[in-house]
Structures are given as structure tokens and as C-alpha cells.
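Here's the structure we're looking at; comments come further down.
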Amino acid sequence: MPRKTMKVRQKVSRSAKAGLVFPVGRFGNLLKKGRYAKRVSSTCAVYLAAVLEYTCNELLTMSSKTAYNYSKQQSIKPRHICLAVREDEDFNTLLQGVTIAGGGVVQNVHAAVSRKSSKGNTKAEVAGKKKSSAKKVSAKKESGSKSG
């Protein structure tokens, strides 16, 4: 009588089961060793890996777009990561106190500091006055046409 051979199943990692790239097992071990709680659920590591993978994916996507728009480059540099973080509202609040090495600062000139025109007004004030005067002129034309 021939012996029945048992099929040995390949081990499938928890990362593969969850469809993730980040290592679920490593996160689980670090959570247990870190003593964050007496007991740590196995799904906790899966959730943490999924959130970190999504966050990294978003950051790298925004950084690659910034790299292409900023300098038409294929490579992402710390400057591109810094610009992407500071442009996005959620990442900016998350990484508010973080300094990215080699990232520099986001260019911003406050209106009060900008150059003054010949009359002593800033360019922003002059532009605002031009817009308001244009509105007044158009309002006068409309009121004149209504009465006539």
C-alpha cells in the first residue's frame, strides 16, 4: 500500500496575508518588547503596519511630485520632502516640530516686510487699493446706467 504524502503548506507571512509591504511580524515583536501594554493584539501590528505604509506612500508620492515640479528631477532629496510636508496641511500639523536635515525652509515673504512703493505703501496695499477702486468705478457705471 503506497504511503500518502502530506502536502506541506508554504508559510505565508502576515504581511502577505494583509497585502502589505511593511513587516507586520517585526512591528508585533517591537510592540511586545516595548512594554506599551501588558497584552498586545495580533491585529494591532497589522493596523500599525498598514497606517505607516499608507503614510509613507502619501509622503513619497507628494515628494516625487514636488521633485518633478520644483526641478524636473527623478530623485527625491530632503528639500523636496520638506516642501511636500510644509505644503500639506495634515503633514504640516503632524511634523510641526520636526526639522528635516538638509530640507531648508519654505520661501515666504510677509506682506509687511515686502518692498514699499514710492508713496510709502507696500505692494500688497497698492494692489488692494487698485482692486477696490476698480470695484467703485464699476459700481458707479452700473448705478449710472440704472438711473438713465
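These numbers were taken from a predicted model, which means no experiment stands behind them. Each residue takes its place number in the sequence, starting with 1.
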Taking [Y] as the starting point, is it possible to reach [X] by hopping between hydrophobic residues whose side chains are less than 4.5 Å apart?
X    : Y   : answer
V105 : V85 : no
V40  : F27 : yes
L48  : Y36 : yes

How far apart are the closest heavy atoms of [X] and [Y], and which atoms are they?
X    : Y    : value
P78  : A101 : CB-O, 3.4 Å
G104 : C82  : O-SG, 3.7 Å
T66  : A84  : OG1-CB, 3.8 Å
A67  : S75  : CB-O, 3.8 Å

Reported [atom1]-to-[atom2] distance for the pair [X] and [Y], which is rounded to 0.5 angstrom:
X   : Y   : atom1 : atom2 : answer
C44 : R39 : SG    : CZ    : 13.0 Å
L94 : T55 : CG    : OG1   : 7.5 Å
L52 : Y47 : CG    : OH    : 11.0 Å
R14 : T43 : CZ    : OG1   : 10.0 Å
L31 : S41 : CG    : OG    : 10.0 Å

Just wondering, do [Y] and [X] contact through their side chains at under 4.5 Å, heavy atoms?
X   : Y   : value
F22 : C56 : yes
Q74 : S64 : no
R86 : F91 : no
S63 : K77 : no

| request: Let me know which of I81, D88, L83 forms a side-chain contact (heavy atoms from CB on, under 4.5 Å) with M62. | output: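 Between M62 and the candidates, side-chain contact (heavy atoms from CB on, under 4.5 Å) is satisfied uniquely by D88.
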| message | Given 3.5 Å as the limit, does a donor-acceptor pair link the side chain of E53 with the main chain of V21, or not? | response |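 Between the backbone of V21 and the side chain of E53 there is a qualifying donor-acceptor contact (under 3.5 Å).
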| said: Walk me through whether S71 and H80 qualify under side-chain contact (heavy atoms from CB on, under 4.5 Å). | reply: CA-CA 9 Å; S71 57; H80 304 136; 3.6 Å; yes
| request: Verify the distance criterion only: is there a donor paired with an acceptor across the side chains of S15 and S13 at less than 3.5 Å? | output: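 S15 vs S13: no donor-acceptor pair found between side chains.
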